[in-house]
Enquirer: 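Let me begin by handing over the structure; questions about it come next.
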Protein chains: 2
Amino acid sequence: MKKLIEKIVQMKAPIVVGLDSLLDYIPQYIKDEAMAANENPFDAAAQAIVTYNKGIIDAIYDIVPAIKPQAAYYELYSWQGMKAMYETIEYAQKKGMIVITDGKRNDIGSTMEAYAAAHLGETDVCGQKVTAFGADCLTVDGYLGSDGIKPLLGLCREKDKGIFVLVKTSNPSSGELQDQKIDGKTIYETMGGMCEAWGLETPHHYGYSAVGAVVGATYPEQLREMRQKMPHTFFLVPGYGAQGGGANDVKGAFDEHGLGAVINSSRGIITAWKKSGSDGHDYAQQARKAALAMREDICSVIPQPRLPQ
Amino acid sequence: MKKLIEKIVQMKAPIVVGLDSLLDYIPQYIKDEAMAANENPFDAAAQAIVTYNKGIIDAIYDIVPAIKPQAAYYELYSWQGMKAMYETIEYAQKKGMIVITDGKRNDIGSTMEAYAAAHLGETDVCGQKVTAFGADCLTVDGYLGSDGIKPLLGLCREKDKGIFVLVKTSNPSSGELQDQKIDGKTIYETMGGMCEAWGLETPHHYGYSAVGAVVGATYPEQLREMRQKMPHTFFLVPGYGAQGGGANDVKGAFDEHGLGAVINSSRGIITAWKKSGSDGHDYAQQARKAALAMREDICSVIPQPRLPQ
C-alpha cells in the first residue's frame with residue numbers, strides 16, 4: 001500500500017485500470033494477426049490479449065499508478081490465458097506499475113497459503129524459489145473468517161504486499177447477505193471491522209494498513225460511512241464508469257488528504273476506442289485519453305492527493 | 001449431480017478424492033525424473049504433478065466416483081500448474097470420473113459468467129467453441145449474493161453441470177461470520193436457504209438439485225441440522241480424515257437412502273504412502289488401499305447407497 005499511495009500522490013491519480021481483457025474488447029486487427037499466427041485458439045487468444053494489454057500499459061504507465069487484471073477473464077482462456085496474465089503482470093511491473101490481481105480468492109489454512117504464495121509470494125520447487133504470478137496486491141473474500149485471511153498477513157508484513165477484502169460489493173444483489181443485520185450491525189460493517197482488526201497485524205504507512213477493502217461505488221452513502229468507521233483501511237472502489245458510479249459517488253471514499261481510495265475503471269478505459277467510432281488502431285491512445293478524463297473527473301471533487309505530514 | 005449420484009450408488013462409495021497435489025506429497029523419484037527432464041522449475045513441477053495424479057487416478061477410478069482438484073495447489077505452480085490441472089481433469093474424465101474443481105470462485109455478472117465458462121462451460125474464441133478447463137462441478141462462494149450464483153445456473157440446466165456453494169466450512173474460524181445470527185437465524189442457515197432457492201431453478205434428479213453445498217465434517221450437529229433443512233441440496237463434505245472428522249461425524253449428512261452427500265479426503269488418500277513407510281513407489285496402491293478403507297468406514301455407518309424408488 002505504501003508504494004501505491006506514493007504513486008497516487010506522485011501522479012495525482014487515485015485510479016486503477018482494470019485489465020478485463022475479453023476478446024470482445026480487442027480490436028479485430030490484433031485478433032486477426034493472432035489467429036493467423038496460432039493454430040490453437042487459446043494460444044491465439046493469449047497472444048491477442050498480451051499484445052492488447054502491453055499497448056494499454058505503454059499508453060498509461062506514466063499517468064496511472066496501477067492495473068487490476070481480473071483473473072476470471074484470463075482463466076476463460078485456459079492455462080494459456082493464465083500465461084497471458086503472468087506476462088501482463090511482469091510487463092506492467094517492469095514499467096513501474098503496481099499490480100492488483102482481482103481473484104477474490106478464499107480458502108483456509110494451507111490452501112489459502114498456496115493462493116498467497118501463488119499470487120503474492122514465491123513457490124518452493126524442490127528448493128528453488130520461483131515466482132508464480134507475482135502481483136503486489138490480491139483481492140480476497142472473507143466469508144471463511146480469519147483462517148482465510150491470516151495466511152496472507154505474513155506476506156503483507158515481510159514482502160510489503162497488500163490485500164483487499166470484499167466488504168461491500170457493487171452489484172445489485174450484494175445486499176442479500178451483506179446488508180443483513182447482526183445485533184444492529186450489517187454484515188458488511190462486521191466485515192469492515194474485521195479488516196481494521198486484521199490490519200493491526202501489518203505495518204501502517206501514511207495511516208493505512210496493508211489490509212484494504214473492496215467497497216462498491218454504487219453505494220455512496222455506505223462509502224462515506226465506511227470511510228469514517230474504517231480509518232486505517234484503504235479502499236479499492238469498483239463500479240465507476242460502466243457500472244454507473246460517477247465522481248460524486250466515489251467522493252466519500254477519500255480522506256482529507258485526498259487519499260484512502262483507489263477507483264477502478266475497466267471497460268470505461270479499455271473499450272474507449274469503441275465509443276470513438278474508430279477501427280481500434282488507436283485503442284491505446286483512446287485508453288490514455290479516457291484515463292486522463294477519469295483522473296480529472298475524480299480530482300475535481302476531492303482534495304489534491306498529498307502525503308500526510 | 002445425476003451422474004455423481006448414479007456413480008455413488010454403482011460404486012457404493014459416497015467419496016471424492018481431493019487431488020491437492022503439492023510437490024511435498026509426491027515421491028522423490030517422480031520429482032527427480034521431472035527435474036532432470038525440465039530446465040524451468042514450474043515445467044518440472046507440472047510434469048511431476050501430472051505423473052503423480054495419473055497414477056492415483058489409474059489406481060482408484062474403478063472404486064471412487066470423483067476427484068476434486070484444489071485450484072490453489074495448481075496456481076501455486078503458475079500457468080504451468082494450471083496446465084497440469086487441465087491435463088488432470090481431462091485424464092480423469094476419460095477414465096469416467098466426475099471432476100469437482102475446488103476453486104471457491106466468486107464474482108458478479110459477466111465476471112462470474114467468465115468463471116462459469118472457464119470451469120464448467122465453453123469459451124468462444126473468435127467463433128470457435130473451446131473448453132478451457134471443463135470440470136463437471138465447481139465450488140463457489142455466495143458472499144456476493146444471487147448475482148454471483150445466477151450466471152452458473154444456466155450451465156447447470158443446459159450442460160448438466162453442478163455447483164457447491166460454501167455454507168458452513170470446516171475451519172475453526174468459520175464461525176466468525178457464518179455462525180452470526182440474523183433474526184435468530186445463522187448466516188450459514190441463510191446461505192443454506194439461498195441454496196435451496198437457487199436449486200429450484202435447476203433440474204432435480206433423485207431428489208437433489210444441481211446446487212449443492214459445502215458443509216464441513218467438523219460440525220456433525222450442524223450437518224444433521226442442515227440435512228433436515230436443505231432436503232434438495234447435495235452436500236460436499238470436507239474435513240474427513242486429516243482435518244479430524246470421522247465416519248460418525250459425517251453420518252448426519254446422509255439421507256435414508258444413503259445419499260445426499262459426498263465425503264472428501266485429500267491428504268488421507270494421496271499421502272497414504274508416507275504413513276506406510278515406503279519410498280513412494282507404491283503410492284498409487286497405497287492411495288487405493290486408503291480409499292477402500294475410507295469407503296468401508298463410511299459405509300459402515302450409513303444406509304447402503306441406493307436410488308430412491
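Residue numbers begin at 1 in each chain, while the letters A, B, ... track the order of the sequences.
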Enquirer: Show the nearest heavy-atom pair for residues A:Y115 and B:Q70, with the distance to one decimal.
Expert: OH-OE1, 3.6 Å

Enquirer: Of all heavy-atom pairs between B:F42 and A:T131, which one has the smallest distance, and what is that distance?
Expert: CE1-O, 3.3 Å

Enquirer: Is a donor on one side and an acceptor on the other found under 3.5 Å between the side chain of A:Y73 and the backbone of B:T111?
Expert: yes

Enquirer: Looking at A:T190, A:D107, A:N40, which one has more heavy-atom pairs under 4.5 Å with chain B than the rest?
Expert: A:D107

Enquirer: Would a distance-only check, ignoring hydrogens and angles, find a side-chain to backbone donor-acceptor pair under 3.5 Å from A:N106 to B:K104?
Expert: yes

Enquirer: Rounded to the nearest 0.5 Å, what separates atom CE in A:M82 from atom CH2 in B:W79?
Expert: 12.0 Å

Enquirer: Going through the checks in order, is the side chain to side chain contact (heavy atoms under 4.5 Å, CB included) test met by B:K31 and A:V125?
Expert: CA-CA 10 Å; B:K31 289 188 280 196; A:V125 179; over 6 Å; no

Enquirer: Is it the side chain or the backbone of A:L166 that comes within 4.5 Å of chain B heavy atoms, both, or neither?
Expert: both

Enquirer: For B:T139, which atoms come within 4.5 Å of any heavy atom of chain A: side chain, backbone, both, or neither?
Expert: neither

Enquirer: Looking at A:Q180, A:R105, A:K150, A:H119, which makes the most heavy-atom pairs under 4.5 Å with chain B?
Expert: A:R105

Enquirer: Between B:T123 and A:L76, is there a donor-acceptor pair closer than 3.5 Å when you use the side chain of the first and the backbone of the second?
Expert: yes

Enquirer: For B:A132 and A:S78, work out which heavy atoms get closest and say how close.
Expert: O-OG, 2.7 Å

Enquirer: Give, as side chain, backbone, both or neither, the part of A:V167 having an atom under 4.5 angstrom from any heavy atom of chain B.
Expert: backbone

Enquirer: Relative to chain A, which segment of B:K181 carries a heavy atom at a distance below 4.5 Å: side chain, backbone, both, or neither?
Expert: backbone

Enquirer: Between B:M191 and chain A, which part of the residue has a heavy atom less than 4.5 Å away: side chain, backbone, both or neither?
Expert: side chain

Enquirer: Counting only non-hydrogen atoms closer than 4.5 Å, does B:A48 touch chain A with its backbone (N, CA, C, O), its side chain (CB onward), both, or neither?
Expert: neither

Enquirer: Relative to chain A, which segment of B:E75 carries a heavy atom at a distance below 4.5 Å: side chain, backbone, both, or neither?
Expert: both

Enquirer: So for B:M112, is it side chain, backbone, both, or neither that comes closer than 4.5 Å to the heavy atoms of chain A?
Expert: neither

Enquirer: Could you have a look at B:I187, B:D141, B:D24 and say which one has the most heavy-atom pairs with chain A under 4.5 angstrom?
Expert: B:D141

Enquirer: So, taking the atom named SG in A:C126 and the one named CD in B:Q28, what distance separates them when rounded to the nearest 0.5 Å?
Expert: 6.5 Å

Enquirer: Find the distance between CG (B:L22) and CG (A:D124) and round it off to the nearest 0.5 Å.
Expert: 10.5 Å

Enquirer: List in chain and number order the residues that pass ring-ring contact (aromatic ring centres under 6.0 Å, His included) with B:F235, two or more places apart in sequence or in another chain; answer none if no residue qualifies.
Expert: none

Enquirer: Among A:A117, A:S110, A:G134, which has the most heavy-atom pairs under 4.5 Å with chain B?
Expert: A:S110

Enquirer: Check step by step if side chain to side chain contact (heavy atoms under 4.5 Å, CB included) holds for B:Q80 and A:K83.
Expert: CA-CA 8 Å; B:Q80 290 96 330; A:K83 191 177 172 201; over 6 Å; no

